Amino acid sequence: MQQRTPIEEQIDLPFVESLRISFQSLKIRFGRSIITTAGITLGIAFLVSVWTNNEIGVALQESGRQSTINTFEETTEQGISTKDIWLIVMSLIVCVVGIANSMLMAVTERFREIGTMKCLGALDGFVVRLFLLESGFQGFSGALIGALIGTLGAVLLGLKDYGLDLFFYFPLLPAQPENGPMQLGVIVVILLGCILGMILAVIGSSFPAWRAAKLPPAEAMRTEV
Amino acid sequence: MNDIVVKTEDVVKEYRMGSNILRALDGINIEIERGEYISLMGPSGSGKSTLFNMIGALDRPTEGQVYIDGQNMSQLSQRQIAAFRCHRVGYIFQSYNLLHVRSAHGNVTLPMIFAGISERERNERAEKLLDMVGLGDRMYHLPDELSGGQRQRVAIARALANDPSIVLADEPTANLDTITGREIIDLIKRLNTEQGVTVISATHDLKMLDVSDRIVDIRDGLVERIRNRDEIEIEVGEVGGEGE
């Protein structure tokens, strides 16, 4: 039994221990994790499909095919229609709100767990790191699946609009046409989608986790959802 | 000389409820000796759980000081408070507060992970503790697969993981039937007598009376009276006579 010794400082846990706990938590909470991840997947799939669709449209238009240009009635001098910009911005907003909401819910229902871990001696930083790891992994895997689904959707849509010509002019890589706007290319769009999904998931989860970790444990444990 | 393990000095806790301020604790002064079994009693809303939270460093008092082992809790750094919760105190809650994604074994090892104990040692210790509380055969069950009494046993084993000198129990029997509650009380009492752990329990369970060394009655955020064991024994008789 401990006697009157000064209270020591809590130690930092090795990174591998945090990694193990966060993966264990994802594994056991598999069903719930899938739903949260699905939220991210949907948001990114929507964004990437709209964006890729736009890239395909611009690429085929740049290729100079008359039939392609005909499908873009509102095309501006720069090649991107206001409608497309509107669609991309809207899908971006839907994606941000959707992911932030699903991460917030997933953390809020775990406030009690956060309070309990602090009772057992967890440092605030450890709690935040746990959520950072969990959400980073969920964000990346969800966004990657979403980006692939979105690209597939855009390709199918492109096939319907342009037929097999799509593959001749497929904007896989970034390109800078002589007198047109910079094209990102589908690979960059997929990458950006993954990064965005991961960042949104990490922010959406770590911020509430950090707030809960800062609370005194009694208060965190009182929170009922 | 008495060995005071917990001392509170004019502890006040206020909660803001909209525009109203609720004074849950209104200047509490108590001293608890090492090895004592203390029950904080009072009706719900009396402030006993709030006091429990102050003693366990689970919440900060609005005014006043809490000293544990002679150290002023308000002067500790975040890291020291985390270490205090990890090593010095074991918590037992009314609603068990087990992590439902971790097995009984996983719950008991968690505080040891935070303490930096090696995997082999924490497995050995968790097995020993779960055996002691009578759950040797259900070590790898998830909390959802255990009964209320069994969950509370896991919580007790977890509270003892890092060999604390104080066990804080907040209404540990409130969600349990009479017989299971009795078993849990006996188990906590055994820790107190056999291992010399100081037990501080917030309760309104009368079964807690006859195992307590002292009872602190809390009412409206104040210490109403402090009763010793000999006074308690008489009252238990009375309570029994009234057909409790």
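Basis for what follows: all heavy atoms, side chains included, without hydrogens, waters or symmetry-related copies. Treat the numbers as computed from the prediction; the structure is a model and nothing was measured. Chain letters run A, B, ... following the sequence lines, proteins first and then strands; every chain starts at 1.
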Using 0.5 Å steps for rounding, measure from the CZ atom of B:R158 to the OG1 atom of A:T116. 6.0 Å

Is A:R29 close to B:H100 at the side-chain level, that is, under 4.5 Å between some pair of heavy atoms? yes

Has the side chain of B:R85 got a donor or acceptor atom that lies under 3.5 Å from a matching backbone atom of A:C119? no

Considering only heavy atoms, which portion of B:Y91 lies under 4.5 Å from any heavy atom of chain A: side chain, backbone, both, or neither? side chain

To the nearest 0.5 Å, what is the distance between CD1 on B:I113 and CG on A:L120? 10.5 Å

About how many Å separate CG of B:L58 and CG of A:L215, when rounded to the nearest 0.5 Å? 12.5 Å

Could you go through B:N97 and A:R112, starting from their C-alpha distance and side-chain angles, then the distance that decides it, and tell me whether this counts as side chain to side chain contact (heavy atoms under 4.5 Å, CB included)? CA-CA 8 Å; B:N97 283 7; A:R112 200 185 183 87; 2.9 Å; yes

Residue part contacting chain A, namely of B:L76, when any heavy atom lies under 4.5 Å: side chain

Report which part of B:A115 has an atom under 4.5 Å of a heavy atom belonging to chain A: side chain, backbone, both, or neither. backbone

What part of B:Y15 is in contact with chain A, defined as an atom under 4.5 angstrom from a non-hydrogen atom: side chain, backbone, both or neither? side chain

Which heavy atom in B:C86 sits nearest to a heavy atom in A:G121, and how many Å separate them? CB-CA, 3.6 Å

Inter-residue atom distance B:R88.CZ - A:I7.CD1, 0.5 Å rounding: 5.0 Å

Let me know if B:F52 has heavy atoms under 4.5 Å from chain A in its side chain, its backbone, both or neither. neither

Between B:H87 and A:Q10, is any pair of side-chain heavy atoms under 4.5 Å apart? yes

Side chain, backbone, both or neither: which part of A:E17 has a non-hydrogen atom closer than 4.5 Å to chain B? side chain

Segment of A:D124 engaging chain B (4.5 angstrom heavy-atom cut-off): side chain

Tell me, side chain or backbone of A:L13 under 4.5 Å from chain B's heavy atoms, or both, or neither? side chain

Main-chain N/O of B:R79 paired to A:E9 side chain as donor or acceptor, under 3.5 Å: no

Within this structure, what is the CG-CD distance for the pair B:L99 and A:Q24, rounded to the nearest 0.5 Å? 10.5 Å

Under 4.5 Å from any heavy atom of chain B, what part of A:R32 do you find: side chain, backbone, both or neither? neither

Quick one: closest heavy-atom pair of B:A82 and A:A122, and the distance? CB-O, 4.3 Å

